[in-house]
*Asks:* 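Please find one structure pasted underneath; my questions will follow.
Every chain is numbered from 1 and lettered A, B, ... according to where its sequence line falls, protein lines coming before strand lines.
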Amino acid sequence: MSWEPNPLEAQRLEKLARLQEAGIEPYPLRAERTHTTAAALAAFATAGDESALPVTVCGRLVSMRDMGKSIFAHVADEHGRIQLFLRREEVGEESHRIFQKLLDLGDFVQASGVLMRTRAGEVSVRVSSWRLLSKAITPLPVAKEQEIDGKVVRYSAFSDVEERYRQRYADLAVNPEVRDVFRTRARLLSAIRRFMDDHGFLEVETPILQPLYGGAAARPFTTYHNQLKQELYLRISFELYLKRLLVGGLERVYEIGRDFRNEGVSFKHNPEFTQMEFYAAYWDYTDVMRHTEEMLAFIARQLTGGTQITYQGQQIELAPPWPRLTMRQAILHHTGIDYMQYTDAPSLAEAIRQMGKARGVATQTPPGASWGKLIDGLLGDFVEPALIQPTFITEYPRDISPLAKGIPHDPLHVERFEFFIAGMEMGNAFTELNDPIDQRRRFEMLQETFGQDDEERNPIDEDYLRAMRYGMPPNGGFGVGVDRLAMLFADKTTIREVLLFPHLRERNT
RNA sequence: GGGCCAUUAGCUCAGCAGGCAGAGCAGGUGACUUUUAAUCACUUGGUCAGAGGUUCGAGUCCUCUAUGGCCCA
């Protein structure tokens with residue numbers, strides 16, 4: 001796709017040429033700045049109105065009011081904006097003329113002068129000299145702002161969702177609150193790291209390109225290494241590599257990184273997403289639960305100062321302990337079905353259909369769905385949306401949990417939990433299976449139970465089984481969707497709002 | 001995968017009963033010696049998402065396609 005300047009861009013290219021004719025380099029090598037806009041305003045507040053404090057500020061021109069012999073303009077930098085007050089007699093005829101005629105909103109400038117307060121009361125830089133730092137050719141969708149009772153009201157803001165995602169740079173440039181979302185996200189990541197590091201976990205990085213995929217029920221992206229002549233997969237989880245590290249004697253490990261799943265895109269799914277997984281030797285899933293609730297409370301305190309957050313108008317209390325409910329209790333409570341009365345898939349599917357009919361609600365009983373998948377479906381449809389306050393759902397069906405340790409004397413369940421906040425599944429954890437013989441059996445069972453295209457069916461990873469045969473300490477493992485946590489803490493309802501560059505379908509224009 | 005809705009100027013949006021494509025902001029020209037959504041005067045700007053159809057005539061009605069949003073699966 002090549003670029004054909006539109007009329008507005010052509011005008012600016014013309015101005016660019018005239019700037020160059022006037023001997024002005026529109027993209028100079030260096031800039032100088034003594035104060036950010038926020039620092040300048042703070043310094044003025046300290047120094048007082050009569051201080052005539054000299055400053056040099058840099059930023060984008062975001063407003064301009066030409067009064068003839070003087071010009072008022074605002075420059076915005078990352079954290080704020082400040083007004084420039086530019087007078088012809090102070091900067092000189094030519095400089096004034098160039099500012100007036102050849103600058104545009106969106107241009108980066110550097111301005112030096114002393115701080116003063118205008119008649120209208122706004123702290124401003126009384127400009128004695130200025131320089132162009134970067135000429136903007138394409139006009140930003142600049143909106144006008146007005147401050148009403150200390151709140152910034154923006155008019156005609158850039159708000160087309162599709163364009164905001166496709167041109168996130170423009171979105172970030174003109175919608176400062178979008179920048180805040182990603183600051184929140186960064187603080188979330190840093191809080192997670194601090195918490196894990198403080199609890200003796202080692203941060204590691206394992207392969208993204210894998211010869212075999214595994215550790216989750218998902219379809220992978222496939223790629224190819226030309227020189228090795230080898231098919232490779234983008235990882236769908238970190239699990240099997242992190243657990244190899246426990247075999248190697250690293251007792252507490254975690255990884256934060258990208259997983260890739262070749263599946264649908266929705267308000268809570270992006271083909272690549274960020275996951276945090278950890279594994280701790282000598283822990284079981286109850287230890288993991290304790291760690292989980294403490295971690296979330298820690299994150300909340302780091303981000304907000306307290307453990308209570310507001311999500312979409314709902315108060316959510318993250319302080320431990322969180323309620324724990326077995327899968328069986330949860331399903332019974334929300335659907336009236338005690339699935340232990342139907343311990344095979346056909347009878348459970350029938351019970352679900354009956355319940356749906358009786359309640360007049362849609363149910364999902366796809367043919368061939370295993371017992372565990374049916375239960376998981378009930379959880380997603382009837383329980384998950386109701387779990388607004390943080391909740392652990394425990395004791396998952398064995399047939400959908402091939403990497404979790406069974407519960408003694410219970411052939412149908414394993415020591416696993418998922419946790420839910422704001423009606424969203426946030427993470428998944430279990431007492432990890434460390435018996436290599438049982439693990440092989442479980443893998444083989446999946447091969448028999450699930451069809452070739454079923455997402456539950458992963459290839460058998462013989463190298464992983466070999467690692468297990470060397471002896472793996474008992475351990476607890478955990479995975480959390482970082483994007484969903486970011487949604488929670490940024491109070492956003494779609495994953496795209498917390499991803500800088502969310503995946504969108506290609507557009508052929 | 002299915003249903004509904006949307007797509008009009010750089011941005012935000014009108015336009016419906018089929019009859020000359022509009023507004024505000026941004027842009028241009030000019031005025032203005034402290035304005036702040038500055039103001040005032042004049043003014044430029046469009047493949048009405050794309051393709052096809054109905055019609056004397058389509059931004060408006062129909063079909064298909066593309067992209068996005070919401071709901072369902």
*Asks:* Counting side-chain heavy atoms from C-beta on, which of B:rA26, B:rG68, B:rG28 comes nearest to A:D104?
*Replies:* B:rG28
*Asks:* Taking the side chain of A:N6 as heavy atoms from C-beta outward, which of B:rU34, B:rG10, B:rG30 is closest to it?
*Replies:* B:rG10
*Asks:* Just checking, is any N or O donor in the side chain of A:T138 or A:E9 under 3.5 Å from an acceptor N or O on the other one?
*Replies:* yes
*Asks:* Of all the choices, B:rA26, B:rG69, B:rU36, which nucleotide is nearest to the side chain of A:Y165 once you look at every atom?
*Replies:* B:rG69
*Asks:* At under 4.0 Å, does any side-chain N or O of A:R65 touch on OP1 or OP2 of B:rU35?
*Replies:* no
*Asks:* Starting at CD of A:E506 and ending at C1' of B:rU65, how long is that distance when rounded to a whole Å?
*Replies:* 16 Å
*Asks:* Check every strand shown and say whether A:F85 touches a base, only sugar-phosphate, or nothing at a heavy-atom separation below 4.0 Å.
*Replies:* base
*Asks:* Suppose we screen for side chain to side chain contact (heavy atoms under 4.5 Å, CB included). Which residues come up paired with A:D338, at least two apart in sequence or across chains?
*Replies:* A:R328, A:L332, A:M340, A:Q341
*Asks:* Just the rounded figure in Å: distance from C1' of B:rG27 to NZ of A:K101.
*Replies:* 12 Å
*Asks:* Which nucleotide sits closest to the side chain of A:E162: B:rC32, B:rC13, B:rU67?
*Replies:* B:rU67
*Asks:* Expressed in angstrom and rounded to an integer, what is the separation of A:H96 atom NE2 from B:rC32 atom P?
*Replies:* 12 Å
*Asks:* Let me have RNA chain B in dot-bracket notation, would you? Count Watson-Crick plus G-U wobble pairs, both distances under 3.5 Å, and use [ ] for pairs crossing earlier ones and | for inter-strand partners.
*Replies:* (((((((..((((.....[..)))).(((((.......))))).....(((((..]....)))))))))))).
*Asks:* Using OP1 and OP2 only, check whether a side-chain N or O of A:R496 sits under 4.0 Å from B:rG69.
*Replies:* yes
*Asks:* Select base, sugar-phosphate, or nothing to describe what A:R166 touches, counting heavy atoms under 4.0 Å on all strands.
*Replies:* sugar-phosphate
*Asks:* Please measure how far the P atom in B:rG18 lies from the corresponding atom in B:rC62, and state the result in whole Å.
*Replies:* 11 Å
*Asks:* Are a donor atom and an acceptor atom from the side chains of A:S124 and A:Q83 found within less than 3.5 Å of each other?
*Replies:* yes
*Asks:* Would you kindly give the CZ-to-C1' distance between A:R12 and B:rU44, to the nearest whole Å?
*Replies:* 15 Å
*Asks:* So, OP1 or OP2 of B:rG24: does either fall under 4.0 Å of a side-chain N or O from A:K144?
*Replies:* no
*Asks:* Could you tell me whether the side chains of A:D77 and A:T36 share a donor-acceptor contact shorter than 3.5 Å?
*Replies:* no
*Asks:* Please report the distance, rounded to the nearest Å, between CG in A:D171 and P in B:rG10.
*Replies:* 19 Å
*Asks:* Establish, with yes or no, whether the OP1 or OP2 oxygen of B:rU35 is under 4.0 angstrom from a side-chain nitrogen or oxygen of A:K69.
*Replies:* no
*Asks:* So A:T138, base contact, sugar-phosphate only, or nothing? Heavy-atom distance under 4.0 Å.
*Replies:* nothing
*Asks:* Is the closest basic N to carboxylate O distance between A:R87 and A:E89 below 4.0 Å?
*Replies:* yes
*Asks:* Which residue, A:S70 or A:P7, contacts RNA chain B at a nucleotide closer to its 5' end, judged by nearest heavy atom?
*Replies:* A:S70
*Asks:* When you get a sec, tell me which of B:rU12, B:rA37, B:rU29 is the closest nucleotide to the side chain of A:D160?
*Replies:* B:rU12
*Asks:* Starting the side chain at C-beta, find the nucleotide from B:rG27, B:rU34, B:rG69 nearest to A:T118.
*Replies:* B:rU34
*Asks:* Is there a side-chain polar atom (N or O) of A:K15 under 4.0 Å from OP1 or OP2 of B:rG27?
*Replies:* no
*Asks:* Hey, are A:Q329 and A:H334 close enough side-chain-wise for a donor-acceptor pair under 3.5 Å?
*Replies:* no
*Asks:* Please give the distance between the C1' atoms of B:rG22 and B:rG3 as a whole number of Å.
*Replies:* 33 Å
*Asks:* Please determine whether a side-chain nitrogen or oxygen atom of A:R87 lies at a distance below 4.0 Å from atom OP1 or OP2 of B:rU33.
*Replies:* no
*Asks:* May I ask you to check whether A:R496 and A:S266 show a side-chain donor-acceptor distance below 3.5 Å?
*Replies:* no
*Asks:* Rounded to whole angstroms, how far apart are CZ on A:R505 and C1' on B:rG68?
*Replies:* 10 Å
*Asks:* Report the nucleotide, chosen from B:rU67, B:rU34, B:rC11, that has the shortest atom-to-atom distance to any side-chain atom of A:P141.
*Replies:* B:rC11
*Asks:* Report the residue (A:Q83 or A:F158) whose heavy-atom-nearest nucleotide on RNA chain B is the more 5′ of the two.
*Replies:* A:F158
*Asks:* Mind checking whether A:Y342 and A:W371 have ring centres under 6.0 Å apart?
*Replies:* no
*Asks:* Using a heavy-atom cut-off of under 4.0 Å over every strand shown, decide if A:I71 touches base, sugar-phosphate, or nothing.
*Replies:* nothing
*Asks:* Residues in ring-ring contact (aromatic ring centres under 6.0 Å, His included) with A:F99, at least two apart?
*Replies:* A:W130
*Asks:* Please tell me which of the listed nucleotides, B:rU36, B:rG68, B:rA26, lies nearest to the side chain of A:E122?
*Replies:* B:rU36
*Asks:* Say you pick atom P in B:rA38 and the same atom in B:rC25; how far apart are they, in whole Å?
*Replies:* 10 Å
